[in-house]
Q: 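First the structure, then my questions, so here it is.
We use all heavy atoms of the structure for the numbers below, so side chains are in, but hydrogens, waters and symmetry mates are not. For this chain, numbers begin at 1 and follow the sequence in order.
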Amino acid sequence: MRSRRTMSPAPWAWAAGAPESAADGEQQRNTEGNDDVVDMIVHRIRLRPGVTPDRFETWVRETDYATCPELPSVLSFSVQRVSADPAAPVHFFEVIGVRSLAEFEKDAAGPAFARLVTDFEGMAEVLDELAGVRVEPGYRAAGA
């Protein structure tokens, strides 16, 4: 699980409290005007040279997903494979559902998240991030 805004030198800056502005400089807001309510974060991920998709996916299943219960702000989290080709511009993307930006920042400052950062940075990099608030009500097929 990674978190940050527009690319900064510190890949985890957003979770650690970097400015909360979109790439165009406008403030992120939900319909109530509460600046800290972000409910979905999406990261595009590229593996570092020499790291195989199998190694990364094993870590995601055994460590990344397993740490989620230690992060109360995280409501949902999934990683999707885009390409196993080492030359691909993107290998994975992840979708993180959170209670709020403020709660996620609090979790990101803790030891469980720090362990994830250390492991992740040795294997991959976040290329970019999208974060926002769902346009309700959304859609979900019956039984999904």
Side-chain angles (χ1 to χ4, degrees), residues 1-84 88-141 143-144:
M1 228 172 294
R2 273 54 50 205
S3 186
R4 64 191 175 113
R5 285 276 183 216
T6 306
M7 303 312 291
S8 69
W12 306 86
W14 184 67
E20 301 170 34
S21 61
D24 63 5
E26 290 201 21
Q27 202 69 1
Q28 299 289 317
R29 293 189 183 275
N30 71 358
T31 55
E32 291 82 32
N34 184 348
D35 291 338
D36 79 342
V37 177
V38 168
D39 71 357
M40 198 66 60
I41 302 165
V42 179
H43 296 130
R44 291 185 328 135
I45 298 168
R46 181 152 178 37
L47 297 178
R48 297 199 184 279
V51 176
T52 66
D54 286 342
R55 175 180 166 205
F56 183 73
E57 289 178 23
T58 297
W59 176 80
V60 166
R61 286 186 197 97
E62 295 176 1
T63 303
D64 217 5
Y65 289 162
T67 303
C68 288
E70 297 178 53
L71 306 169
S73 66
V74 176
L75 301 175
S76 63
F77 176 61
S78 65
V79 176
Q80 287 69 223
R81 183 183 330 108
V82 174
S83 177
V90 175
H91 295 116
F92 294 88
F93 70 91
E94 64 185 6
V95 180
I96 310 165
V98 298
R99 293 184 192 282
S100 75
L101 174 59
E103 290 181 49
F104 188 65
E105 286 177 342
K106 180 179 173 190
D107 285 349
F113 200 89
R115 288 189 311 268
L116 294 175
V117 170
T118 299
D119 290 348
F120 178 85
E121 288 181 343
M123 292 184 285
E125 65 179 318
V126 172
L127 299 174
D128 60 28
E129 173 183 84
L130 297 171
V133 177
R134 179 185 345 265
V135 176
E136 294 295 349
Y139 172 79
R140 182 178 288 260

Q: Of all the heavy-atom pairs spanning Ala112 and Leu71, show the shortest one and how long it is.
A: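 Closest pair (atom of Ala112, atom of Leu71, distance): CB-CD2, 4.2 Å.
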
Q: Can you name the nearest heavy-atom pair linking Ile96 to Val98, along with the distance?
A: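 Between these two residues, the closest heavy atoms are CG2-CG1, 3.6 Å.
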
Q: For residues Phe104 and Ser73, report the shortest heavy-atom separation together with the two atoms involved.
A: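 So the minimum-distance heavy-atom pair works out to CA-OG, 3.3 Å.
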
Q: Heavy-atom count around Arg48 CZ within 6.0 Å, excluding the residue itself: above 12?
A: yes

Q: Donor-acceptor pair, distance only, cut-off 3.5 Å: does the side chain of Arg44 make one with the backbone of Pro89?
A: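 No, Arg44 side chain to Pro89 backbone: no donor-acceptor pair under 3.5 Å.
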
Q: May I ask you to decide if Val79's main-chain N or O and Tyr65's side chain share a donor-acceptor pair within less than 3.5 Å?
A: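 At least one qualifying donor-acceptor pair exists.
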
Q: Decide yes or no for Val95 and Met40: does some side-chain heavy atom of the first lie under 4.5 Å from some side-chain heavy atom of the second?
A: yes

Q: Hey, does the side chain of Asp39 reach the backbone of Arg134 with a donor-acceptor pair shorter than 3.5 angstrom?
A: yes

Q: Set out, in order, the CA-CA distance, both residues' side-chain angles and the distance that settles side chain to side chain contact (heavy atoms under 4.5 Å, CB included) for Arg99 and Leu75, then state yes or no.
A: CA-CA 7 Å; Arg99 293 184 192 282; Leu75 301 175; 3.4 Å; yes

Q: Would you check, one step at a time, whether the test side chain to side chain contact (heavy atoms under 4.5 Å, CB included) holds for Thr52 with Arg55?
A: CA-CA 5 Å; Thr52 66; Arg55 175 180 166 205; 3.4 Å; yes

Q: Has Glu125 got a side-chain atom pairing as donor or acceptor with Arg46's backbone, closer than 3.5 angstrom?
A: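 No, because the side chain of Glu125 does not come within donor-acceptor range (under 3.5 Å) of the backbone of Arg46.
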
Q: Are any non-hydrogen side-chain atoms of Leu116 and Asp64 less than 4.5 angstrom apart?
A: yes

Q: Write down the atom of Arg81, the atom of Phe92, and the distance for their closest heavy-atom approach.
A: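 Answer, listing the atom of Arg81 first, then Phe92: CA-CD2, 3.5 Å.
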
Q: Kindly compute the distance separating CG (Leu47) from NE2 (His91), expressed to the nearest 0.5 Å.
A: 5.0 Å

Q: side-chain hydrogen bond (donor to acceptor under 3.5 Å, both in side chains) with Arg115: which residues, sequence neighbours excluded?
A: Glu70

Q: Could you walk me through whether Trp59 and Asp119 pass the side chain to side chain donor-acceptor pair (under 3.5 Å) test, one step at a time?
A: CA-CA 9 Å; Trp59 176 80; Asp119 290 348; 3.0 Å; yes

Q: Could you tell me if the side chain of Phe113 sits less than 4.5 Å from the side chain of Asp107, heavy atoms only?
A: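 They are not in contact (no side-chain heavy atoms under 4.5 Å apart), so the answer is no.
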
Q: Measure the shortest side-chain to side-chain distance between Ile41 and Leu130 over non-hydrogen atoms and say whether it is less than 4.5 angstrom.
A: no

Q: For residues Phe120 and Ile45, determine if any side-chain heavy atom of one lies less than 4.5 Å from a side-chain heavy atom of the other.
A: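 Answer yes - side chains close enough.
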
Q: What residues, two or more places apart in sequence or in another chain, satisfy side chain to side chain contact (heavy atoms under 4.5 Å, CB included) together with Ala66?
A: none

